[in-house]
Amino acid sequence: MQLHLYNTASKKKELIVQPEGRPLGIYSCGITAYDYAHLGNWRHYVMDDLLIRTLKYDGYTLKHVQNVTDVGHLTSDADTGEDKLEKGARREGTSVYDVARKFERYFYETGDKLNIIRPDVVTRATEYIQQQLQIAVALEEKGFAYLIPGDGLYFDTSKVANYGALAGFKPEGLQEGARVEKVAGKRYPTDFAVWKLEKPGENRQMVWPSPWGERSFPGWHLECVAMSLDQLGQPVDIHTGGVDHIPVHHTNEIAQAEAYTGRTPFVRVWVHGNFMRIDGQKMSKSLGNIYRLEDVLERGFTPMGLRYLFLMSHYRHELNFTWESLAAAQTAYDRLLRSLAQDGRTRESGMVTQERLDKAQEYREKFLAAINDDLNSSAGLAVINQILKSNLLPQERYDLILDLDDILGLDLRRQSTLLGRAEQLEVVLDDDGEAQRLLDERTQARANKDFARADFLRERIEALGYQIIDTPTGAKVQKRRV
Ligand code: AMP
Ligand code: ZN
């Protein structure tokens, strides 16, 4: 099968073609390593992972490069404000490097829990200072950049013919007033920093000498240009990021890369993941709704329950996260596991029939057609549920779903085996009173008339191998006999 992906640049779905004699190059913008990755970030990186897994399943050979931003990303995208890393270091009371390594490690270790395949290559902005400097110098020499004394080297966006094409805007239509903070001395509102100078009294930990000043540092958009060209060459086959990157970060990557190399396009296919909101609102510190994976686990959900939730919506649609929607996803995931555990256990002997082989093949093709049509994971999950209900033999259902899980990444083999074993051996999973604790929570949920949550908790209790029995003295949990 071959994948069609929606390309933000052409606004069309395009066929992804394996380049001859080299791997397909994928560059994904990584995190700014100054704080814990949150659920919005995870929604995005599960999308990236779905893309990678689909390409692998389809038989493409890949090279996936991801950067870690550990310098230069200012709190305002308009080249003002503090460096996020320096801010993180002050908050943590450690060095900027320690902060960057801490949150980078957290990111990849938490990604493992979400079953996200690690990139083939991880590049850090601080390890690409010389390459970035070389590009900045070349941009100035070629007349694409000018110095604002005391501030930094700025890219002159009027010098590139198609500036902003990715985002579909025209420079003359942009009002700088719309931006919160202005930079004095910019020739055009859309001009942006290529290289910044430390401000007096700023006392940054991360500075390097450059032709423009002894204490200076790269602008944010330069790192991805330096790293992607170095690791993958031009054109980069696929470049991913969140939709927030379209008007600024990626637009400015394109301007610099194409001005530097003198060739277009910098990237063949741009893939952008839409945002996640929480209870209909933007995630923000002031609303206290910036949740991490740990918050999800604390509430009794599992990483795969969260992953299932992400896969239920299409990556180009906005996703509104609510705890109820997570509970529904977790219930669906647990149900899938239980069915699979049962199918995996049942050694029902049956003749292989052409009819069932054809049926299995039909399901597989239907699933792959959905996924290869711009990663339609919700349609893919619907096919999985059809397979579960089908009259294929248990073993056939089991094998087919596990095979397709190479794409979904729901860890179904391991999780269903664990569950199957627990059920078979009647292992008491309640050593720490987990079932009783969930029952108490369910009683509370019912008292609060939160029936969705109560139903979900019943499912969790049952997944642990218990049933709820109503007695005159209230509900009790009792271990189920298999
Ligand atoms: P950052 O660390 O802020 O550079 O973000 C890392 C990635 O997560 C970027 O590709 C962002 O576009 C993406 N991202 C950030 N917040 C959200 C959100 N609420 N929903 C979806 N993606 C997000
Ligand atoms: Zn980037």
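Only heavy atoms go into these numbers, but all of them, side chains included; no hydrogens, no water, no symmetry mates. This chain uses plain numbering: 1 for the first residue, then up along the sequence.
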Pair [X]-[Y], side-chain donor/acceptor within less than 3.5 Å:
{"X": "Asn320", "Y": "Thr322", "answer": "no"}
{"X": "Gln444", "Y": "Asp440", "answer": "no"}
{"X": "Tyr291", "Y": "Glu298", "answer": "no"}
{"X": "Asn274", "Y": "Tyr315", "answer": "no"}
{"X": "Glu223", "Y": "Asn67", "answer": "yes"}

Salt bridge [X]-[Y], side-chain N to carboxylate O under 4.0 Å:
{"X": "Arg453", "Y": "Glu441", "result": "yes"}
{"X": "Glu459", "Y": "Arg338", "result": "yes"}
{"X": "Arg458", "Y": "Glu462", "result": "yes"}
{"X": "Asp70", "Y": "Arg124", "result": "no"}
{"X": "Glu14", "Y": "Arg268", "result": "no"}
{"X": "Arg414", "Y": "Asp411", "result": "yes"}
{"X": "Arg53", "Y": "Asp49", "result": "yes"}
{"X": "Asp406", "Y": "Lys56", "result": "no"}
{"X": "Lys285", "Y": "Asp35", "result": "yes"}
{"X": "Asp237", "Y": "Arg22", "result": "yes"}
{"X": "Glu109", "Y": "Lys113", "result": "no"}

His250 and Trp270 aromatic ring geometry - parallel, tilted or perpendicular at 30°/60° bounds: tilted
Smallest separation among heavy atoms of Gln231 and Tyr128, with atom names: NE2-OH, 3.1 Å
Considering all heavy atoms, the nearest Ala327-Phe456 contact: O-CD1, 3.3 Å
Does any N or O in the side chain of [X] come within less than 3.5 Å of the main-chain N or O of [Y], such that one atom is a donor and the other an acceptor?
{"X": "Asp120", "Y": "His64", "value": "yes"}
{"X": "Glu86", "Y": "Gln205", "value": "yes"}
{"X": "Arg292", "Y": "Ala37", "value": "no"}

CD (Glu82) with more than 12 external heavy atoms under 6.0 Å: yes
Tyr36/Phe103 under ring-ring contact (aromatic ring centres under 6.0 Å, His included): CA gap, chis, key distance, verdict: CA-CA 6 Å; Tyr36 294 102; Phe103 292 115; 4.9 Å; yes
Here's one to test your reading of the geometry: is the NZ or CZ of [X] within 45 degrees of the ring axis of [Y] and under 6.0 Å from its centre?
{"X": "Lys359", "Y": "Tyr363", "answer": "yes"}
{"X": "Arg204", "Y": "Phe217", "answer": "yes"}
{"X": "Arg316", "Y": "Tyr6", "answer": "yes"}
{"X": "Arg43", "Y": "Phe310", "answer": "no"}

Working for side-chain contact (heavy atoms from CB on, under 4.5 Å), residues Leu408 and Tyr308: CA-CA 9 Å; Leu408 298 171; Tyr308 195 99; over 6 Å; no
